[in-house]
Amino acid sequence: MTDLPSRVDITEEGPREGFQIEPGPIPTADKIALIDALSATGAKRIQVASFVNPKIVPGWADAEAVVAGFTPRAGVEYTALWFNAAGLGRVQGFAERLAVQGSITVTGSEAFTKKNLNRSHAEQLEAQRKHVATHQAAGVPMNRVSLQAAFGCNYSGAVPATQAMAALHDAMRLAAETGCSIEKISLADSMGWANPALVDRLVSAVREAYPAQKISLHLHDTRGLGIACAAAGLRLGVSMFDAAVAGLGGCPFAGHPGAPGNIATEELVFLCEEMGVATGIDLDAMIEAAKLAERIVGHRLPSNLLRSGGLAAFRRAA
């Protein structure tokens, strides 16, 4: 039995997540060129920049210039990432170009919280309480909970569904206490520990506990199971996914430099099309954007579809 959605919404995260981890500086003009190419693919939501401390993520020292430079396309929502009040202030300077919505973030692994944020789980909850207050004071809606390291952690091992759910419950209680209306729960496989069985287990648990919220999957292809996990999510009816063109990116704090990043957007689009699920994205245009991404970074990116292409031409020839 499956519960395939008729359509999925894909958030394209290649520019933000991809360029933050590249070892050399990517020219601002190249970042803008990729965003504009992605805008022409039919993608409806693109994360274009990261407003974080450039000492920590130097690849996004030019966030303002990139956001000011791309050409917005009607019907496309552009977003950015930030972590604190300083970042929020920078983002709000582009309120006419960016959709500004906040998120409560926790992790399924306290070891990863320590590595990533230098905080305990309790300290992260307190920091998120202040984070919520800052955003509410600024009139920014807090409508999402993000659970990082939802399936496993390179620093502490497997994350059982019960452990992940305990962290999620803490975040949802915080949301209720602070008056946040949570619409979406994002489950992130930050370090590539997920497999289809784990996706089934955690998605089912989240759906049972929080039936009113939509579930989004943020999957990394670290160990080659990203698309298999996406297929498992689709069969469970998950209709929201994050992806990165050509498989750009990866978490800089995950402890495995050089590993593939997010699942490649073009491979996710291809999977959906082959399963009869609409995406609204032009696959050929996305493959061309993937080729552009590879030229920009100057090294091979992990997407297989980037080299093989889809099946449409072969089917026409047959």
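The first residue in the sequence is number 1, and the count goes up from there.
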Margin query: Any heavy-atom pair between the side chains of Pro302 and Asp221 that's under 4.5 Å?
Written below: no

Item checked: Nearest-0.5 Å distance, OG1 of residue Thr28 to CD of residue Glu64 -> 11.0 Å

Checklist line | Single-linkage hydrophobic cluster, 4.5 Å side-chain cutoff, Leu117 and Val132 together | finding: no

Checklist line | Sub-4.5 Å side-chain heavy-atom contact between Asn195 and Phe151 | finding: no

Margin query: On a heavy-atom basis, which atom in Ala80 and which in Leu98 lie closest, and how many Å separate them?
Written below: CB-CD1, 4.0 Å

Notebook entry, point to check: Would you call Leu283 and Leu305 a side-chain contact if the rule is heavy atoms closer than 4.5 Å?
Noted result: yes

Item checked: Check: Ala65 main-chain N/O paired with Asp62 side-chain donor or acceptor under 3.5 Å -> no

Next item on the list: Please report the shortest heavy-atom distance between Val48 and Trp60, naming the atom on each side.
Entry: O-CH2, 3.0 Å

Note to self: Test your reading of the model: is there a side-chain donor-acceptor pair from Thr41 to the backbone of Leu38, 3.5 Å cut-off?
What the structure shows: yes

Checklist line | Leu311 and Phe270, any side-chain heavy atoms less than 4.5 Å apart | finding: yes

Notebook entry, point to check: When you check the side-chain N and O atoms of Ser303 and Glu266, is any donor under 3.5 Å from an acceptor?
Noted result: yes

Checklist line | Derivation and outcome, side chain to side chain contact (heavy atoms under 4.5 Å, CB included), residues Asn262 and Leu248 | finding: CA-CA 7 Å; Asn262 284 15; Leu248 275 168; over 6 Å; no

Note to self: Same cluster or not: Leu236 versus Leu271, using hydrophobic residues (I, L, V, M, F, W, Y) connected whenever any side-chain heavy atoms lie under 4.5 Å apart?
What the structure shows: yes

Next item on the list: Please report the shortest heavy-atom distance between Ile227 and Ile263, naming the atom on each side.
Entry: N-CG2, 3.9 Å

Next item on the list: Report the relative orientation of the aromatic rings in Phe94 and Phe51; use parallel for angles under 30°, tilted for 30 to 60°, perpendicular for over 60°.
Entry: tilted

Checklist line | Val8 vs Ile10, side chain to side chain contact (heavy atoms under 4.5 Å, CB included): CA-CA, chis, key distance, verdict | finding: CA-CA 6 Å; Val8 299; Ile10 298 173; 4.0 Å; yes

Notebook entry, point to check: Within the side chain of Thr265, is there an N or O that forms a donor-acceptor pair under 3.5 Å with the backbone of Ala244?
Noted result: yes

Item checked: Aromatic ring proximity, centroids under 6.0 angstrom, His169 and Tyr210 -> yes

Margin query: Would you say that more than 12 heavy atoms from the other residues, nucleotides or ligands in this model lie under 6.0 Å from the NZ of Lys184, or not?
Written below: yes

Check: For the hydrophobic clusters of this structure (ILVMFWY residues joined by side-chain heavy atoms under 4.5 Å, transitively), does one cluster hold both Val269 and Leu306?
Finding: no

Note to self: I'd like to know if Lys44 and Asp9 make a salt bridge, using a cut-off of under 4.0 Å between side-chain N and carboxylate O.
What the structure shows: no

Check: Is there a path from Val159 to Leu147 through hydrophobic residues (I, L, V, M, F, W, Y) whose side chains come within less than 4.5 Å of each other?
Finding: no

Note to self: Ignoring hydrogens, what is the shortest heavy-atom contact between Arg97 and Thr71? Give both atom names and the distance.
What the structure shows: NH2-N, 4.4 Å

Notebook entry, point to check: Would you say the side-chain atoms of Asp189 and His218 include a donor-acceptor pair closer than 3.5 Å?
Noted result: no

Margin query: Between Arg315 and Glu274, does any side-chain N to carboxylate O distance fall below 4.0 Å?
Written below: yes

Note to self: In the structure I gave you, are the side-chain heavy atoms of Ile46 and Thr79 within less than 4.5 Å of one another anywhere?
What the structure shows: no

Next item on the list: Would you confirm whether Gln213, through its side chain, and Ile182, through its main-chain N or O, come within 3.5 Å as a donor-acceptor pair?
Entry: yes

Margin query: With heavy-atom distances below 4.5 Å as the criterion, would you say the side chains of Leu168 and Val106 are in contact?
Written below: no

Next item on the list: Tell me yes or no: between the side chains of Ser181 and Asn143, is some donor less than 3.5 Å from an acceptor?
Entry: no

Margin query: If we count only N and O atoms by modelled type, under 3.5 Å, do the side chains of Ser103 and Ser146 hold a donor and an acceptor together?
Written below: no

Check: For the side chain of Gln148 and the backbone of Thr105, is there at least one donor-acceptor N/O pair under 3.5 Å apart?
Finding: no

Note to self: Looking at every non-hydrogen atom in both residues, tell me the closest pair between Ser239 and Arg7 and how far apart they are.
What the structure shows: CB-O, 3.6 Å

Note to self: Working note: Met240 + Leu217, criterion side chain to side chain contact (heavy atoms under 4.5 Å, CB included); need CA distance, chi angles, decisive distance, verdict.
What the structure shows: CA-CA 7 Å; Met240 305 180 77; Leu217 286 175; over 6 Å; no

Checklist line | Donor-acceptor pair, side chain of Gln47 and main chain of Ala49, under 3.5 angstrom | finding: no

Next item on the list: Taking all heavy atoms of Ala138 and all of Leu88, pick out the closest pair and write down the distance.
Entry: CB-CD2, 4.1 Å

Margin query: Please confirm whether the ring centroid of Phe70 lies under 6.0 Å from the ring centroid of Tyr78.
Written below: yes

Next item on the list: Return yes if some donor-acceptor pair links the side-chain N/O of Arg90 with the main-chain N/O of Val52 below 3.5 Å, else return no.
Entry: yes

Margin query: Using modelled atom types and a 3.5 Å cut-off, is there a donor and acceptor pairing between side-chain atoms of Arg16 and backbone atoms of Ser50?
Written below: no

Check: Between the side chain of Arg223 and the main-chain N/O of Met191, is any donor-acceptor distance below 3.5 Å?
Finding: yes

Margin query: To the nearest 0.5 Å, what is the distance between OG1 on Thr178 and CE on Met142?
Written below: 7.5 Å

Next item on the list: Kindly indicate whether the side chain of Met275, heavy atoms from C-beta on, has any atom under 4.5 Å from the side chain of Arg235.
Entry: yes

Next item on the list: Drop me the distance from Asn118's CG to Glu123's CD, to the nearest 0.5 angstrom.
Entry: 8.0 Å

Item checked: salt bridge (Lys or Arg N to Asp or Glu O under 4.0 Å) between Glu294 and Arg307, worked out -> CA-CA 11 Å; Glu294 190 169 75; Arg307 273 156 281 280; 3.1 Å; yes

Item checked: Residue pair His121 / Glu126, side-chain donor-acceptor N/O under 3.5 Å -> no

Notebook entry, point to check: Can Glu183 and Lys214 be said to form a salt bridge (Lys or Arg N to Asp or Glu O under 4.0 Å), step by step?
Noted result: CA-CA 6 Å; Glu183 300 171 0; Lys214 295 181 179 179; over 6 Å; no

Check: With a cut-off of 6.0 Å (strictly less than), are more than 12 heavy atoms of other residues, nucleotides or ligands near CD of Glu177?
Finding: yes

Notebook entry, point to check: Which is it for Glu22 and His299 under the side-chain hydrogen bond (donor to acceptor under 3.5 Å, both in side chains) test, yes or no, and what are the steps along the way?
Noted result: CA-CA 10 Å; Glu22 286 297 316; His299 61 81; 2.9 Å; yes

Check: What's the spacing between Trp82 CH2 and Gln92 CD if we round to 0.5 Å?
Finding: 8.0 Å

Note to self: Nearest 0.5 angstrom please: His131 NE2 to Leu125 CG, how far?
What the structure shows: 12.5 Å

Next item on the list: Side-chain contact test, heavy atoms from C-beta onward, threshold under 4.5 Å: evaluate it for Ser120 versus Glu110 and give yes or no.
Entry: yes

Notebook entry, point to check: Could you give the distance from OG1 (Thr107) to NZ (Lys114), rounded to the nearest 0.5 Å?
Noted result: 11.5 Å

Checklist line | Criterion side chain to side chain contact (heavy atoms under 4.5 Å, CB included) on Leu202 and Met165, from CA distance to verdict | finding: CA-CA 8 Å; Leu202 186 55; Met165 289 301 296; 3.9 Å; yes

Margin query: Are Val76 and Leu268 connected into the same hydrophobic cluster when the rule is that any two of I, L, V, M, F, W, Y join if their side-chain heavy atoms are below 4.5 Å apart?
Written below: yes

